[in-house]
Amino acid sequence: MPILNFPPWRRFISFYLVLALALSGVGCSLLKRGNGPANSQPIPLTPVIWFSPSVTTAEVPYLDGCGETRSFALADMLVASVPKKLAGVFAGVMAQAKTDDTIAPDGVIEVGVGLRQIELAIPKQVKGTYPAAATVGIEMAFLARDRTVLFRKKLEGAGRGTVKVGEQPCQVAGLEGIVQDAIDSANNELAQQIAQSVQIREYAAQRDSKVPVAAPTAETATSMRPVGETAAQQLSAASTVPATPAQLSFRAIIRDENRDQFLQPGEFLLIELEVKNEGMGEARDVTVTAEGKAELVALFPTEVHIGDLKPGEIKRTSINQQVTASREHLQGELTLNLRTTSPVVSVHPPKVFSFGVKPRVIDPALVPDVDNVPNSLAAFTQPKALIISIGVGTFRDEQVPTVKYARHDAEVMAEYLRIIGGVPGERVRILLDRQALVRDVEDTFEQWLSKKVDRETIVYIFFAGRALVEAGTGAISLVPYDGTPHEAKQLYSLVRLQEVLFRLPIRRAVLMFDVSLDPSPGAALADIPPPAWESSVSEARKDVEMWMVGNRALQEAHTYDEGKHGLFTYQLLRGLQGVADTDRDGTVIAGELCTYARGQTALVAREQFGSKQDALCVPGIGREGMVRIFPVARGNNPKPVSMPRQPEPSADSVGPAPGPKPLGP
């Protein structure tokens, strides 16, 4: 075997090179160790885990593939995840039902759940894969044996992923993993913060040294300190001495207006709370929280802040709250819990109330029938007007959700505009369901319309059905009968429609849309901006075009079964009957009509469906666009005729005495 001999200077360089590499390795090792957790050893305690009622009854609502509200149970996931995450922090953990007995010697970890939500947008009955996100808020508090709170923290965890809607269109698969990720992320962070808690570790050290947990006197506290302890260490130790605990009790009364234990939309609730501090210490940041079924809790204030209570102090508060509408009958229990950030002698048991919720019931006989078209008016004719009314409620692709009243909406709206404006029948084009293929829509807007317009033409366009919102831009496209969300060429974009109108020599254009808005297939919700309705009309066109939009958000537009129309269309028709003539000058102008329909749509959606539907007027009312003052209908709600006022005779006038004033009509 050959032996290699290096010159002395080379051996000298090699030695220092190896030494430098070795030292750099040690430095890197020390650096990495320094960035690790400050306390990697398990805390020598075996605390008990108490799960609050908010955990054992935890649910989170979401909309399934059919647009119905479902509840996803969280209790099992939370009960399984929390001990698993905390097992690595302590020597051991035990879970048991919460009682009012003495706290276990090694302390208690009380676990509650707060914010719970699932973000999910699925077109009705459309198979595919869709993005979803879940958020779960978890609160943990560590109570020492004397019920001193050594740690309290609230954190929210998030989970993201995709869900799948398969052959059974109502069922959503894949939520479990996303929700589990949200729970685990919150628990991981809470477990890490508990592991780094100085107060809990000092409490554990006291337990190991068999030092009494009760607050020591100044003499014993001084004698327990090591000889070489610094002033900063003494201050830190003094801050961990438990404060004098408070002792809280509270009373709660909840009365519904008619006192039948059933909550009805519009009814008022009276909530009376009385909290007393019977202990020797001050109670800080006292709150009363409501827990229970998500749909039931939503009808109550989720948290009532009481404030600080000194020893012996009593605070009372009362709240009047109106019940919002519910779409279904609900039955369940509401639990009120008392919370404070201060140490307490004992935790007062929660107050439990049982309630039922009744949905608003509308008598169809009391809903005006808007299918009765107003009479024509000889004084208000628009022989050069053009009407295009399109209603697409069913689709060739059976996976595209139907729109219940779209066809009927288009039929009635076309008849209204024709009769009110005296528009000749040959200047009206109606496309319903199978008649509204993409080529029919293109021909109507780009061929038929261009052949019939001139500079005196007023164009009315109505569309009821579905539309798609493009990811990234928010651009909106109408879905014809043969349209499919997966093929852009089978859609008709509103940008294209606006370009057509821009090229035409028309006087005015009034466009009305009652559409449900769906996201682009497969797009993440975060990538979909608000629908770009307002960019449809430029500032230069505000005197020519007005757009009345029944649904500005990414959601299903409400149907109004009592009125047998889409909700926004019903309000437009009702307004055209004369109700929208707010100044009662005998003329329904475009601005009045849109303002009326927008307000009534929001009101009915909130009171009857317990949700939102925001309509939109573009350009906005008040921006002085001439199109807003264009008359849409006349003579349907005339102002009362004012009687001419007779001049009163003066005291010096000569003439016959005035007769008695007539009474009655």
Side-chain angles (χ1 to χ4, degrees), residues 121-126 128 130-131 388-403 406-407 409-410 429 431-449 459 461-503 509 511-525 527-538 541 545 547-557 566 568-569 615-616 618:
I122 301 177
K124 282 188 178 180
Q125 300 180 355
V126 178
Y130 302 94
I388 298 173
S389 189
I390 303 173
V392 187
T394 60
F395 301 86
R396 177 178 292 172
D397 184 352
E398 296 180 355
Q399 299 301 321
V400 179
T402 59
V403 181
R407 179 189 180 104
D409 287 348
R429 175 164 284 199
L431 303 179
L432 306 174
D433 291 340
R434 295 176 182 273
Q435 302 166 346
L437 299 171
V438 64
R439 65 171 181 267
D440 298 319
V441 175
E442 292 172 344
D443 176 73
T444 298
F445 287 138
E446 299 172 18
Q447 301 296 327
W448 182 82
L449 190 60
V459 179
I461 297 174
F462 175 83
F463 185 93
R466 307 197 75 84
L468 202 71
V469 181
E470 183 180 325
T473 65
I476 303 163
S477 297
L478 306 177
V479 183
Y481 173 77
D482 56 345
T484 172
H486 300 278
E487 295 186 25
K489 65 181 181 180
Q490 292 299 107
L491 307 174
Y492 194 86
S493 73
L494 293 187
V495 172
R496 185 175 175 182
L497 174 58
Q498 188 187 11
E499 290 174 350
V500 169
L501 294 175
F502 183 78
R503 292 193 300 265
L511 299 92
M512 295 167 274
F513 299 92
D514 190 354
V515 294
S516 295
L517 294 172
D518 299 321
S520 298
L525 294 179
D527 297 334
I528 301 179
W533 290 111
E534 296 189 66
S535 64
S536 300
V537 179
S538 64
R541 298 283 290 177
E545 298 176 22
W547 293 43
M548 304 183 189
V549 179
N551 175 30
R552 68 189 302 172
L554 196 68
Q555 66 177 53
E556 289 291 308
F568 183 65
T569 302
L616 182 67
V618 183

query: Any side-chain heavy atom of S477 sitting closer than 4.5 Å to one from E470?
result: no

salt_bridge(R429, D440) N-O dist < 4.0 Å: no

message: A side-chain contact here means heavy atoms from C-beta on lying under 4.5 Å apart; do I461 and F445 qualify?
response: yes

query: Do the non-hydrogen side-chain atoms of P521 and L468 ever get within less than 4.5 Å of each other?
result: yes

- prompt: Does the side chain of L478 reach to within under 4.5 Å of the side chain of R466, using non-hydrogen atoms?
  reply: no

message: Which heavy atom of A553 sits nearest to which heavy atom of P531, and what is that distance?
response: C-CG, 4.2 Å

message: When you compare the side chain of L497 with that of L494, does any pair of heavy atoms fall below 4.5 Å?
response: yes

message: Treating T484 as the side-chain partner and E487 as the backbone partner, does any N or O pair qualify as donor plus acceptor under 3.5 Å?
response: no

message: Main chain of G566, side chain of D409: is a donor-acceptor contact present, judged purely on distance under 3.5 Å?
response: yes

- prompt: salt bridge (Lys or Arg N to Asp or Glu O under 4.0 Å) with D397: which residues, sequence neighbours excluded?
  reply: none

From F462 atom CZ to I388 atom CD1, the distance as rounded to the nearest 0.5 Å: 13.5 Å

message: So which atom in A532 and which in A475 form the shortest heavy-atom distance, rounded to 0.1 Å?
response: CB-N, 4.4 Å

message: Below 30° counts as parallel, above 60° as perpendicular, anything between as tilted: where do the rings of F513 and F463 land?
response: tilted

message: If I compare all heavy atoms of A471 with all of S520, which pair ends up nearest, and what's the gap?
response: N-OG, 3.3 Å

query: Which atom names give the shortest non-hydrogen contact between M548 and F568, and what distance separates them?
result: O-CE2, 3.9 Å

message: Whether R439 and E446 form a salt bridge (side-chain N of Lys/Arg under 4.0 Å from carboxylate O of Asp/Glu) is what I want to check.
response: no

Note, V469 side chain near D518 side chain (heavy atom, < 4.5 Å): no

message: Quick check against the 3.5 Å criterion: does D482 have a side-chain atom that pairs as donor or acceptor with the backbone of V438?
response: yes

task: Report the distance from atom CZ of R434 to atom CZ of R396, rounding to the nearest 0.5 Å.
output: 8.0 Å

Smallest separation among heavy atoms of S516 and A557, with atom names: OG-N, 2.9 Å

query: Mind checking whether V392 and V479 have side chains closer than 4.5 Å, heavy atoms only?
result: no

- request: Indicate yes or no for a side-chain donor-acceptor contact from Q498 to the backbone of V495 under 3.5 Å, with no hydrogens or angles considered.
  value: no

- prompt: What are the two closest heavy atoms between L432 and A410, and how far apart are they?
  reply: CD2-CB, 3.7 Å

query: By salt bridge (Lys or Arg N to Asp or Glu O under 4.0 Å), which residues pair with D433, not counting sequence neighbours?
result: R407

message: A side-chain contact here means heavy atoms from C-beta on lying under 4.5 Å apart; do I476 and V515 qualify?
response: no

